[in-house]
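Ligands are counted one by one from 1 in listed order, and the atoms in each one are counted from 1 as well.
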Amino acid sequence: MQLNKQHNIKLAKDLSLRKRAETFIPGGMWGHMSVKKLPHGYPQFFSKAKDARIWDLDGNCYIDFMCGYGPNLLGYSNAEVDHAVNEQRKKIDLGNGPSALVVDLAEKIITIVDSADWALFAKNGTDATTTCLTISRAATGKKKILVARGSYHGSAPWCTPVATGVVEEDTSNLIFFEYNDNASLEAAVQDADSDLAGIILTAFRHDVRRDQDLPKKAFLKKAREICDKKNAVLILDDVRAGFRLNKSGSWFDFGVKPDLTAFSKAIGNGYPLSAVVGVDKLRQAASEIYVTGSFWCNATSMAASLKTLSIIEEIDVVGHISFLGNKLRAGIDQIANNLGVGISQSGPPQMPLILFKDDKDFSRGKKFVQYLLGRGIYFHPWHNMFLSLAHTAKDVDITLDAVEFAMKKISLEIK
Ligand SMILES: Cc1ncc(COP(=O)(O)O)c(C=O)c1O
């Protein structure tokens, strides 16, 4: 498989489609998949993806470290998952009610995830996090939800990071605090007074454009203690990290059990699905709320998820991506040290983030990823990246060669 050797790869077809898109799509593209904020050189459109490789419209091939922003845990077009989907499609996908797979999948997820006594399914991560808030309020009869400042929980009006079109009432029952800061959390609890319905937390601090932080055990324990004391619900938003840190749930190793967990992204290896799982005490509330969507019960997505979860039960996916993530991290550290380039690598190695020191405007980071694109490596300058089961040690070696090339360029530019 030929990767690009040249900087300034050609994107003629991509650029021409972007022009057409400007006519038919507001702004040419919306949301996180718009490349408008990324440095020049990123393709907007893709034509093909397999395992850890992705091809743009112009035929340039990249070793991909975004996995479609997370979902492709086993790699693109995993043969077993695709087969399960295709077989299911021949029977039924969307009917007047769900297929039997909905029960199989709920049972499967309950056997895998530690804090799951029941499960319900939706489509996007935002559906799942929003449903968690609704269940929390239904169960407690209270309104206030505590949210860590800067955490991403989706794009509904209560949680979108862009305030355009959002009205005060959408967020008036949220109280913000700092992730990993007990005093700040306790101050928010005081503000909520007797109206605390729940605390929502991402698995670790993976806000964009800053170093990532794993949760402090004492912080998670404090959140658990507060929820127990105040009859509030502890919600784990595991949409991004789910099944990459620990298949039993991302806080399993911390010994802290959430009341509700939102999953999506990796749960169906790229097929659209999300899940809310919860503990028994919230079963009643979850059965009383009304949440649904025309496509929430598609059987093909459930088939994809059942196969994905079966694979992660059999294969140590977390072990594989941790091993490769550590190899990548160690190699990048060594290259940067040798060249005297200041960088920081943070968060779990299987979800890497590389930022440059003294790079407030991300100019170094932007150049770095541009050089890498030119060498057939797709990195992101400020969003955490993702490894998959399809990445290999060879892919990491090829990537490290490209990183050395890019860092050398950066080091010459710094001098
Ligand atoms: C932690 C977290 N929660 C929720 C969401 C929202 O998921 P979706 O984009 O599928 O609605 C995301 C998406 O990136 C996320 O990273």
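In this structure, Asp395 pairs ionically with Arg53, as a charged nitrogen and a carboxylate oxygen lie closer than 4.0 Å. For Lys394 and Asp397, the salt-bridge test fails: no basic side-chain N is under 4.0 Å from an acidic carboxylate O. A salt bridge links Lys281 with Asp259: the closest approach of a Lys/Arg side-chain nitrogen to an acidic carboxylate oxygen falls below 4.0 angstrom.
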Applying side chain to side chain contact (heavy atoms under 4.5 Å, CB included), run through Phe386 and Asn72 and close with a yes or a no.
CA-CA 9 Å; Phe386 302 86; Asn72 290 283; over 6 Å; no

I'd like to know whether Lys108 forms a side chain to side chain contact (heavy atoms under 4.5 Å, CB included) with Glu313, so could you lay out the CA-CA distance, the side-chain angles of the two residues, the decisive distance to 0.1 Å, and finally the verdict.
CA-CA 10 Å; Lys108 171 72 92 188; Glu313 273 182 312; 2.8 Å; yes

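Because its NZ or CZ atom is not both nearer than 6.0 Å to the ring centre of Tyr152 and within 45° of the ring axis, Arg240 does not count as a cation-pi partner of that residue.
Lys265 counts as a contact of ligand 1, since one of its heavy atoms falls under 4.0 Å from the ligand.
Atoms of ligand 1 found under 4.0 Å from any heavy atom of Gly125, numbered from 1 in the order shown, are 6 (C), 7 (O), 8 (P), 10 (O), 11 (O). Atom numbering of ligand 1 starts at 1 in the shown order; those under 4.0 Å from a heavy atom of Thr126 are 6 (C), 7 (O), 8 (P), 11 (O).
Between Arg240 and ligand 1, an N or O atom pair is found at a separation short of 3.5 Å. No N or O atom of His206 sits closer than 3.5 Å to an N or O atom of ligand 1. Considering backbone and side-chain atoms alike, Val239 places every N or O at 3.5 Å or more from each N or O of ligand 1. For Thr129, no nitrogen or oxygen atom sits less than 3.5 Å from a nitrogen or oxygen atom of ligand 1, counting backbone and side chain alike. Checking only distances, Ser264 never comes within under 3.5 Å of ligand 1, N or O to N or O.
Ranking the protein heavy atoms by distance from atom 3 (N) of ligand 1 puts Asp237 OD2, 2.7 Å first.
Using a 4.0 Å cut-off between heavy atoms, Tyr69 makes no contact with ligand 1 at all.
Side chains of Thr126 and Asn124: a donor-acceptor N/O pair is absent below 3.5 angstrom, by distance only.
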